Amino acid sequence: MMYQRMKDIFEKVYGESEGVRVFFAPGRVNLIGEHTDYNGGHVFPCALTLGTYAAVRERDDGLIRMYSENVTGGLVVERESGDYKIYNRKLWSNYPYGVIWALDEQGKKLNCGYDIAYYGNIPGGAGLSSSASIEVLTAYMFNELCGFGLSLTDMALLCQYSENNYNRMNCGIMDQFASAMGRENMAIFLDTATLEYEYAPIELTDKVILIINSNVKHSLGSSKYNERRMESEAAFNSLKEELDIRTLGDLDEAEFDKYQHLIKDPVERKRAKHAVYENRRTINAYNALKRGDIEEFGRLMLESHMSLRDDYQVSCKEIDRIVELGMNCDGVYGIRITGGGFGGCCVSIVDEDKKDDIISYIGSEYRKSVGYDADFYTVLAGGGPAEVKG
Ligand code: GLA
């Protein structure tokens, strides 16, 4: 189905579609472990069945042409290969071009020009990693087309590098890793200090993962995100003067409490507290899921939200309203902001048979509070990047 759909989009833009190949990479939702990935902590995301698709075909010159079905007006962005100048910081195509640039930096040159049509079914700006999915898709596709021999972990690191250095978003490794390593019905428990990971089955039986999109776009997100990252680093540097640690993730709660006075700035102290406590919560949540203790998992999700709201300060009033409404509902085990923050989505675990009531309650109360609608998606954990066959 998606193969045909992508072929049709390609044909509409480039005339005909003989010989196109279609590829996919997923978005992700993070269950718990937020803003820990650049602090040497753990994260616990899963890839989604939603993601980004590309139809691609070689050209016999050096031109790279890209089109996105998601951008209104759908212009084809066209470049000579090797031209990596950023003409407009806001262009979506900076994500895939960044990946081609990063490949080139590693001496992996595309062997010809390409026509590409992208289409994604993840809501953009919602904290579900539409950008990481475009990046991983682009890396995976060229790895297949040009035989670069990169592993999935190599691709995740390359995509993070391009986002950090080409797009100037100083993100951690979580999103690209989750997209590259996704596995059906599994969440990924990743230690970002070592990149060691384990898959944990998401066995929710009569419960489901419900995502609630506040429809507040996290447009100021990247500058605020970079600011949080600097604050955490400053806190770490203050602790490191006296303690033998490599990252904030090396500390447990008791050690942090004992040494927190070393961080003089109260804001930086709060940021570090979140990073340390959130890391421990993530480890505990992983163990709770393994035991099938969803009540405990939910409780930790809620604690995570409070910490992101009060100590890390990456929530916003609309998201806090959704969490508050969720907490009033029977059948909600846990609910929290997910992703980079400053808008976007909440992730929750809810009883399947109460889901419709929960959606209608949160939906109508949210509309009364903010004057516009939230969107709701029940999601499944999906696999990683792949070629889509016809
Ligand atoms: C964004 C970044 C990730 C991670 C999260 C917060 O999604 O891309 O690396 O830091 O925010 O957990």
Side-chain angles (χ1 to χ4, degrees), residues 25-48 51 94-95 98-99 122-136 156-182 187-193 195 197 211 213 217-233 236 247-249 271-272 274-279 281-282 285 300-301 304-305 307-309 311-316 319 336-347:
R28 64 97 189 92
V29 63
N30 189 20
L31 301 176
I32 193 163
E34 217 67 82
H35 291 276
T36 48
D37 66 344
Y38 49 87
N39 282 312
H42 291 76
V43 292
F44 201 21
C46 59
L48 299 173
N94 295 336
Y95 289 101
V99 172
I122 316 172
L128 301 176
S129 291
S130 55
S131 36
S133 84
I134 298 181
E135 291 161 359
V136 171
L157 288 165
L158 179 119
C159 292
Q160 182 202 14
Y161 176 84
S162 88
E163 185 149 346
N164 290 171
N165 296 289
Y166 196 81
N167 293 290
R168 295 201 198 138
M169 161 69 176
N170 220 358
C171 63
I173 188 63
M174 170 168 70
D175 304 350
Q176 293 79 8
F177 197 91
S179 175
M181 305 300 286
I188 309 168
F189 179 61
L190 169 69
D191 180 346
T192 62
L195 292 193
Y197 63 96
I211 294 181
N213 189 347
K217 297 262 185 267
H218 59 183
S219 53
L220 277 178
S222 70
S223 58
K224 288 279 173 204
Y225 180 97
N226 290 347
E227 181 184 296
R228 291 295 177 281
R229 187 164 179 164
M230 284 184 317
E231 290 161 347
S232 303
E233 270 160 21
F236 167 69
T247 67
L248 289 175
R271 307 299 190 240
H274 167 78
V276 171
Y277 276 65
E278 179 77 354
N279 180 38
R281 268 192 290 274
T282 307
L300 292 163
M301 286 173 86
S304 163
H305 183 76
S307 175
L308 288 158
R309 183 191 66 190
D311 286 338
Y312 220 69
Q313 295 181 294
V314 289
S315 188
C316 59
I319 291 273
R336 57 181 285 277
I337 187 170
T338 186
F342 308 102
C345 289
C346 290
V347 57

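For ligands, and for the atoms within them, numbers begin at 1 and follow the listed sequence. These figures come from a predicted structure and were not determined experimentally.
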Chemist: Provide the full list of salt bridge (Lys or Arg N to Asp or Glu O under 4.0 Å) pairs with a residue in residues 338-347, sequence neighbours left out, each pair given once.
Modeler: none
Chemist: Once side-chain contact (heavy atoms from CB on, under 4.5 Å) is applied, do any residues pair with Val276, and if so which ones, sequence neighbours excluded?
Modeler: Leu248, Leu251, Phe256
Chemist: Quick one: side chain to side chain donor-acceptor pair (under 3.5 Å) partners of Asn279, sequence neighbours excluded?
Modeler: His42
Chemist: Which of parallel (below 30°), tilted (30 to 60°) and perpendicular (above 60°) describes Tyr312 and Tyr38?
Modeler: tilted
Chemist: With the criterion set at N/O pairs under 3.5 Å, what does the list of contacts between the protein and ligand 1 look like, atom names and distances included?
Modeler:
| residue | atom | partner | partner atom | Å |
| --- | --- | --- | --- | --- |
| ligand 1 | 7 (O) | Arg28 | NH2 | 3.0 |
| ligand 1 | 7 (O) | Asp175 | OD1 | 3.4 |
| ligand 1 | 7 (O) | Asp175 | OD2 | 2.8 |
| ligand 1 | 8 (O) | Asp175 | OD2 | 2.6 |
| ligand 1 | 9 (O) | Asp37 | OD2 | 2.6 |
| ligand 1 | 9 (O) | Gly172 | N | 2.9 |
| ligand 1 | 9 (O) | Tyr225 | OH | 3.4 |
| ligand 1 | 10 (O) | Asp37 | OD1 | 2.7 |
| ligand 1 | 10 (O) | Tyr225 | OH | 2.6 |
| ligand 1 | 11 (O) | Gly340 | N | 3.4 |
| ligand 1 | 12 (O) | Glu34 | OE2 | 2.6 |
| ligand 1 | 12 (O) | His35 | N | 2.7 |

Chemist: Does Ile32 reach the side chain of Glu278, with side-chain heavy atoms less than 4.5 Å apart?
Modeler: yes
Chemist: Side chains of Ser307 and Arg281: is there a donor and an acceptor less than 3.5 Å apart?
Modeler: yes
